[in-house]
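As the structure is a computational prediction, the values presented were derived from the model and not from experiment.
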2 protein chains.
Amino acid sequence: MDTVRLEFGKNLRKIRKLKGFSQEQLAYTAGIDRSYIGKVERGQVNLTIEKLYILAGTLGCSPKDLVPDQSKVGADDSKPRT
Amino acid sequence: MDTVRLEFGKNLRKIRKLKGFSQEQLAYTAGIDRSYIGKVERGQVNLTIEKLYILAGTLGCSPKDLVPDQSKVGADDSKPRT
DNA sequence: ATAGGCCACGGCATATAATACCCATTTGTG
DNA sequence: CACAAATGGGTATTATATGCCGTGGCCTAT
């Protein structure tokens, strides 16, 4: 039920490394706390779309590249929590 | 600096009406308060990706259909706030 | 053996998203 | 016009996103 976070984190990590950023570098240029980047990549937090755009912007990629497709996430993530 | 929210809201409203949902219906089946849906559509809140997936799921569309492209949002939205 | 880059992970404080009410206003329709 | 459905928008409380600071582990090079 939290596969969205996990998949998002995997995407972020992949693109971040692809672009040659360290967590610290990304955090600094994005104006986000370094430990928070780590938490995002580990799927521990549920970030807002504002952060989504800031991250995509500083990584030079599309926000759509970061959000996982529904096929990747559990069906439960697309339903209201019980 | 909040064009992301506004564009997201416009997208949500467009798709919601396209699918024949009222705010109330969408809110109910998504398990979200109706007034909150309205605030999202008016760009008054900064929702999390969890809500993004729940909304996309109940609307039967892709999350990527809801998130606006960078070309739509102000460049400031892709940068850390000062 | 020491130093520095990179990361996992935690606790705590604060800003803000989420939720649940309520009522007023608009919009559509007979 | 009148009536109902749909939406706008306020406020208050709770949950959580976010920031801040620290600890330690793993490498690689010095």
Side-chain angles (χ1 to χ4, degrees), chain A residues 1-59 63 66-68 76-82, chain B residues 1-59 63 66-68 76-82:
Chain A
M1 50 169 134
D2 46 16
T3 39
V4 174
R5 308 180 193 180
L6 293 171
E7 290 297 326
F8 184 92
K10 281 164 62 176
N11 286 354
L12 177 63
R13 175 161 301 185
K14 188 194 310 178
I15 296 185
R16 172 177 64 80
K17 294 197 168 176
L18 212 62
K19 301 280 184 171
F21 281 87
S22 73
Q23 286 186 356
E24 218 159 0
Q25 289 170 331
L26 174 58
Y28 179 74
T29 66
I32 301 178
D33 189 72
R34 99 189 123 72
S35 76
Y36 191 64
I37 299 284
K39 290 173 189 173
V40 171
E41 289 192 351
R42 270 174 271 132
Q44 294 183 351
V45 296
N46 206 306
L47 46 75
T48 59
I49 60 175
E50 175 191 309
K51 297 296 173 198
L52 165 61
Y53 277 79
I54 291 180
L55 286 174
T58 66
L59 280 179
L66 290 174
V67 308
D76 304 338
D77 288 315
S78 303
K79 287 193 268 193
R81 50 165 147 196
T82 60
Chain B
M1 52 164 135
D2 46 15
T3 38
V4 173
R5 308 182 193 178
L6 293 171
E7 289 298 325
F8 184 91
K10 280 164 62 176
N11 286 354
L12 176 64
R13 175 161 302 186
K14 187 193 311 178
I15 296 184
R16 172 178 63 81
K17 293 196 168 177
L18 211 63
K19 301 279 184 171
F21 281 87
S22 73
Q23 286 186 357
E24 211 159 5
Q25 290 170 329
L26 174 57
Y28 178 75
T29 65
I32 301 178
D33 189 72
R34 180 196 62 77
S35 75
Y36 189 67
I37 300 284
K39 288 168 190 171
V40 171
E41 290 191 351
R42 270 172 275 130
Q44 293 183 353
V45 296
N46 207 307
L47 76 163
T48 60
I49 59 174
E50 176 191 309
K51 297 296 170 202
L52 165 62
Y53 276 79
I54 291 180
L55 287 173
T58 66
L59 279 179
L66 291 174
V67 309
D76 305 337
D77 289 315
S78 302
K79 286 194 268 194
R81 45 158 144 227
T82 59

*Asks:* Select one nucleotide: of D:dG19, C:dC7, C:dC9, the one nearest the side-chain heavy atoms of A:R42.
*Replies:* C:dC9
*Asks:* So does B:S35 reach the base of C:dC22 with its side chain, donor to acceptor, closer than 3.5 Å?
*Replies:* no
*Asks:* Of all the heavy-atom pairs spanning B:V67 and A:Y53, show the shortest one and how long it is.
*Replies:* C-OH, 3.5 Å
*Asks:* Whole angstroms only, please: what is the CD1-P distance between B:I54 and C:dA17?
*Replies:* 17 Å
*Asks:* Do the side-chain N or O atoms of A:Q23 get closer than 4.0 angstrom to the phosphate oxygens (OP1, OP2) of C:dA8?
*Replies:* yes
*Asks:* What about A:R34: does its side chain form a donor-acceptor pair under 3.5 Å with the base of D:dG22?
*Replies:* yes
*Asks:* Establish whether the base of C:dG11 is bridged to the side chain of A:K39 by a donor-acceptor pair shorter than 3.5 Å.
*Replies:* yes
*Asks:* Is B:R16 close enough to D:dT7 that one of its side-chain N or O atoms is under 4.0 Å from OP1 or OP2 there?
*Replies:* yes
*Asks:* Closest to the B:K51 side chain: C:dC7, D:dT7, C:dT19?
*Replies:* C:dT19
*Asks:* Using atom CG of A:L12 as one end and atom P of C:dA8 as the other, report the distance to the nearest whole Å.
*Replies:* 11 Å
*Asks:* Check the distance between D:dT16's P and B:L47's CG and give it to me in whole angstrom.
*Replies:* 16 Å
*Asks:* Nearest whole angstrom, please: distance from the P of C:dA8 to the CG of A:L6.
*Replies:* 13 Å
*Asks:* Is the base of C:dC7 touched by the side chain of A:S22 through a donor-acceptor pair closer than 3.5 angstrom?
*Replies:* no
*Asks:* Nearest whole angstrom, please: distance from the P of D:dT16 to the CD of A:E50.
*Replies:* 20 Å
*Asks:* Rounded to the nearest angstrom, tell me the gap between atom CD in A:Q25 and atom C1' in C:dC7.
*Replies:* 13 Å
*Asks:* If you count every heavy atom of other residues, nucleotides or ligands that lies below 6.0 Å from A:Q44 atom CD, does the total exceed 12?
*Replies:* yes
*Asks:* Under 4.0 Å, heavy atoms only, any strand: does B:D33 hit a base, just the sugar-phosphate, or nothing?
*Replies:* base
*Asks:* So which atom in A:N46 and which in A:R5 form the shortest heavy-atom distance, rounded to 0.1 Å?
*Replies:* ND2-NE, 3.3 Å
*Asks:* If you compare every side-chain N and O of A:R13 against the phosphate oxygens of C:dA8 (OP1, OP2), does one of them come in below 4.0 Å?
*Replies:* yes
*Asks:* Nearest whole angstrom, please: distance from the P of C:dA17 to the CG of A:L52.
*Replies:* 15 Å
*Asks:* Could you tell me the separation between the CG atom of A:N46 and the P atom of C:dT16, rounded to a whole number of Å?
*Replies:* 18 Å
*Asks:* Taking all atoms of both residues into account, what is the closest heavy-atom pair of A:V40 and A:L47, and its distance?
*Replies:* CG1-CD2, 3.6 Å
*Asks:* Under 6.0 Å from the OH atom of B:Y28, do we count more than 12 heavy atoms belonging to anything else shown?
*Replies:* no
*Asks:* Go nucleotide by nucleotide along DNA chain C from the 5' end; which of B:G31 and B:Q44 gets its closest nucleotide reached first?
*Replies:* B:Q44
